[in-house]
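Notes for the one structure printed next.
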2 protein chains.
Amino acid sequence: MARHKTYDCSAGCPVSATLDVIGGKWKGLILYHLLEGTLRFGELRKRIPDVTQRMLTQHLRELEESGLVHRQVYAEVPPRVEYSLTPQGQTLRGVIAALKSWGETYLGRKTPQQAAPKRRLAAVAGR
Amino acid sequence: MARHKTYDCSAGCPVSATLDVIGGKWKGLILYHLLEGTLRFGELRKRIPDVTQRMLTQHLRELEESGLVHRQVYAEVPPRVEYSLTPQGQTLRGVIAALKSWGETYLGRKTPQQAAPKRRLAAVAGR
DNA sequence: CGGAATCCCTCGGGATACTG
DNA sequence: CAGTATCCCGAGGGATTCCG
């Protein structure tokens with residue numbers, strides 16, 4: 001999103017800024033897996049089965065532009081490209097951990113499907 | 001309408017699950033502001049200047065469906081609707097705090113602008 | 001005041017094919 | 001293996017208007 005979305009409340013809302021950086025459809029997963037160590041392009045694909053190669057490439061590029069991911073190309077045949085987190089990327093560990101932790105609790109809690117709040121007869125109250 | 005994304009790696013990736021819930025364009029901000037207390041619709045709009053009423057309503061609905069936000073309607077004239085976090089929504093405090101904290105550091109650090117890693121070596125295609 | 005309903009356009013992102 | 005390049009569609013989201 002680095003260059004697409006343009007709500008530049010960049011200066012005012014760090015919360016959004018962070019979400020903008022890690023909020024892509026697959027960025028959270030990519031970062032999560034890279035936190036465990038360096039991975040080749042193909043390895044990332046295996047770990048994130050549903051991502052298309054196009055999206056994986058694109059998101060990796062954006063993460064690279066954001067300074068979170070390092071891309072190491074080896075001049076070999078066949079080609080080899082390894083992705084790893086930059087020092088700055090490593091600082092996301094706590095954030096990702098928080099997201100994961102909360103997500104686990106959330107998923108576990110809502111499993112039974114929380115009946116949709118029927119708003120047609122909205123709850124009314126006086127005061 | 002507009003159910004959020006539906007990549008149901010729901011079981012496998014809590015990180016994505018969380019991002020799916022708070023990753024909307026304005027959800028982070030909405031949650032952030034609601035963490036400070038109950039707010040009326042109009043008050044939220046003022047705090048998030050760039051959001052349109054349509055998007056604000058839509059995102060609030062999704063957050064409500066996710067069980068994070070409570071919507072309290074008062075049968076008055078003129079109408080009054082107050083939004084607040086549910087107990088479950090409150091559990092996001094730590095997550096939002098982490099996002100905010102990281103974002104502040106990130107924004108501060110990248111200010112000098114980390115020149116794009118131009119790999120325009122063989123790249124010819126422009127547009 | 002706080003929406004709901006319409007219109008409409010952008011662009012995220014999937015599928016597929018080709019390449020160094 | 002690790003990408004690029006195209007095509008293309010549907011969701012996301014802005015602006016505007018109408019309503020209880």
Side-chain angles (χ1 to χ4, degrees), chain A residues 1-7 9 16 19-20 23-30 38-64 69 71-84 119-125 127, chain B residues 1-7 9 16 19-20 23-30 38-64 69 71-84 117 119-127:
Chain A
M1 313 333 214
R3 35 158 61 138
H4 308 122
K5 295 184 178 179
T6 47
Y7 44 101
C9 36
S16 286
L19 286 175
D20 197 26
K25 184 165 181 177
W26 307 101
K27 290 186 186 176
L29 275 307
I30 293 173
T38 298
L39 290 173
R40 295 184 56 170
F41 187 82
E43 294 176 321
L44 269 173
R45 287 197 66 176
K46 287 176 190 167
R47 282 178 169 65
I48 313 177
D50 295 342
V51 74
T52 61
Q53 119 285 105
R54 185 190 192 289
M55 283 300 97
L56 183 53
T57 299
Q58 183 178 307
H59 281 142
L60 280 168
R61 288 289 184 282
E62 291 177 7
L63 289 171
E64 191 186 354
V69 165
R71 174 186 146 107
Q72 181 65 56
V73 181
Y74 293 89
E76 303 176 351
V77 168
R80 180 160 59 109
V81 180
E82 292 184 344
Y83 291 92
S84 58
R119 89 182 63 291
R120 275 313 153 199
L121 323 115
V124 182
R127 182 193 265 190
Chain B
M1 70 180 249
R3 278 218 129 282
H4 28 144
K5 309 160 190 172
T6 48
Y7 41 101
C9 38
S16 287
L19 286 175
D20 197 28
K25 183 165 180 177
W26 307 101
K27 290 185 185 176
L29 275 306
I30 294 173
T38 298
L39 290 174
R40 296 183 56 169
F41 187 81
E43 293 176 322
L44 268 173
R45 288 198 65 176
K46 287 176 189 166
R47 282 179 169 64
I48 313 176
D50 294 342
V51 74
T52 62
Q53 124 283 110
R54 185 189 193 287
M55 283 300 98
L56 182 53
T57 299
Q58 183 179 308
H59 281 143
L60 280 168
R61 289 290 184 280
E62 292 177 4
L63 289 172
E64 192 185 356
V69 165
R71 176 187 144 106
Q72 181 66 56
V73 181
Y74 294 90
E76 304 177 350
V77 167
R80 180 160 59 107
V81 181
E82 292 184 344
Y83 291 91
S84 58
R119 71 175 67 60
R120 288 301 173 191
L121 304 171
V124 204
R127 63 159 292 188

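For the numbers below, each heavy atom of this structure counts, side chains included, while hydrogens, waters and symmetry mates do not. Everything quoted here is computed from the prediction, not taken from an experiment. First the proteins, then the strands, lettered A, B, ... as listed; each starts at 1.
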Quiz prompt | Trace of the side-chain contact (heavy atoms from CB on, under 4.5 Å) decision for Glu43(B) with Lys46(B) | solution = CA-CA 5 Å; Glu43(B) 293 176 322; Lys46(B) 287 176 189 166; 5.6 Å; no
Quiz item: Going through the checks in order, is the side-chain contact (heavy atoms from CB on, under 4.5 Å) test met by Leu60(B) and Phe41(B)?
Solution: CA-CA 9 Å; Leu60(B) 280 168; Phe41(B) 187 81; 4.0 Å; yes
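In terms of heavy-atom proximity, Ser84(B) sits nearest to Thr38(B) at CB-OG1, 3.4 Å. Closest of all the heavy-atom pairs between Val81(A) and Arg71(A) is CG1-CG, 3.9 Å. Arg45(B) and Gln53(B) make their closest contact through NH1-CB, 3.3 Å (heavy atoms, listed as atom of the first residue, atom of the second, distance). Considering every non-hydrogen atom in both Lys27(A) and Leu63(A), the closest pair reads CD-CD2, 3.9 Å. Among all heavy-atom pairs drawn from Ile30(A) and Leu56(A), the shortest one is CD1-CD1, 3.7 Å.
For Ile48(B) and dG2(C), the CD1 to C1' distance is 15 Å, given to the nearest whole Å. Here dG3(D) presents its P atom at 5 Å from CZ of Phe41(A), a figure rounded to the nearest Å. The nearest whole Å value for the distance from the CD atom in Glu82(B) to the P atom in dC1(C) is 15 Å. If you measure from atom CE of Met55(A) to atom C1' of dG14(C), you get 8 Å, rounded to the nearest angstrom. For the pair Glu43(A) CD and dG3(D) P, the computed distance is 13 Å after rounding to whole Å. Going from atom CG of Leu39(A) over to atom P of dC1(D) covers 16 Å, rounded to whole Å. For Leu60(A) and dG3(D), the CG to P distance is 8 Å, given to the nearest whole Å. As a whole-Å value, the separation of Asp20(B) CG from dG12(D) P is 10 Å.
Here Arg45(A) does not reach the OP1 or OP2 of dA2(D): none of its side-chain N or O atoms lies under 4.0 Å away. At the phosphate of dG12(D), neither OP1 nor OP2 sits under 4.0 Å from any side-chain N or O atom of Trp26(B). At the phosphate of dG3(C), OP1 or OP2 sits under 4.0 Å from a side-chain N or O atom of Tyr83(B). In this structure, Arg40(B) does not reach the dC1(C) phosphate: none of its side-chain N or O atoms is under 4.0 Å from OP1 or OP2. Here Arg61(A) reaches the OP1 or OP2 of dT4(D): one of its side-chain N or O atoms lies under 4.0 Å away.
Heavy atoms of Tyr74(A) sit nowhere under 4.0 angstrom from any nucleic acid atom.
Taking every side-chain heavy atom of His59(A) into account, dG13(C) is the closest of dT4(D), dG13(C), dG2(C). Set against dT4(D), dG13(C), dG14(D), the side chain of Lys25(B) has dG14(D) as its closest nucleotide. Closest to the side chain of Val81(B), from the set dC1(C), dG3(D), dG3(C), is dG3(C).
Toward the 5′ end of DNA chain D lies the nearest nucleotide of Pro78(A), the other residue of the pair Pro78(A) and Val51(B) mapping further downstream.
None of Thr52(B), Val51(B), Thr57(B) except one satisfies the side-chain contact (heavy atoms from CB on, under 4.5 Å) rule with Arg54(B); the exception is Thr52(B).
Five base pairs at each end of the helix from dC1(C)-dG20(D) to dG20(C)-dC1(D) define two local axes, and these are offset by 50° (rounded to 10°).
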For nucleotides 15-20 of chain C, list the nitrogen or oxygen atoms of the protein found under 3.5 Å from its nitrogen or oxygen atoms, one pair per line.
unit_1  : atom_1 : unit_2   : atom_2 : d
dA15(C) : N6     : Arg54(A) : NE     : 3.2

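Rounding to the nearest 0.5 angstrom, the gap separating the NE2 atom in His59(B) from the CG atom in Leu29(B) is 11.0 Å.
Annotation: salt bridge (charged side-chain N to carboxylate O under 4.0 Å, His left out) contacts of Arg80(A) (sequence neighbours excluded): Glu76(A), Glu82(A).
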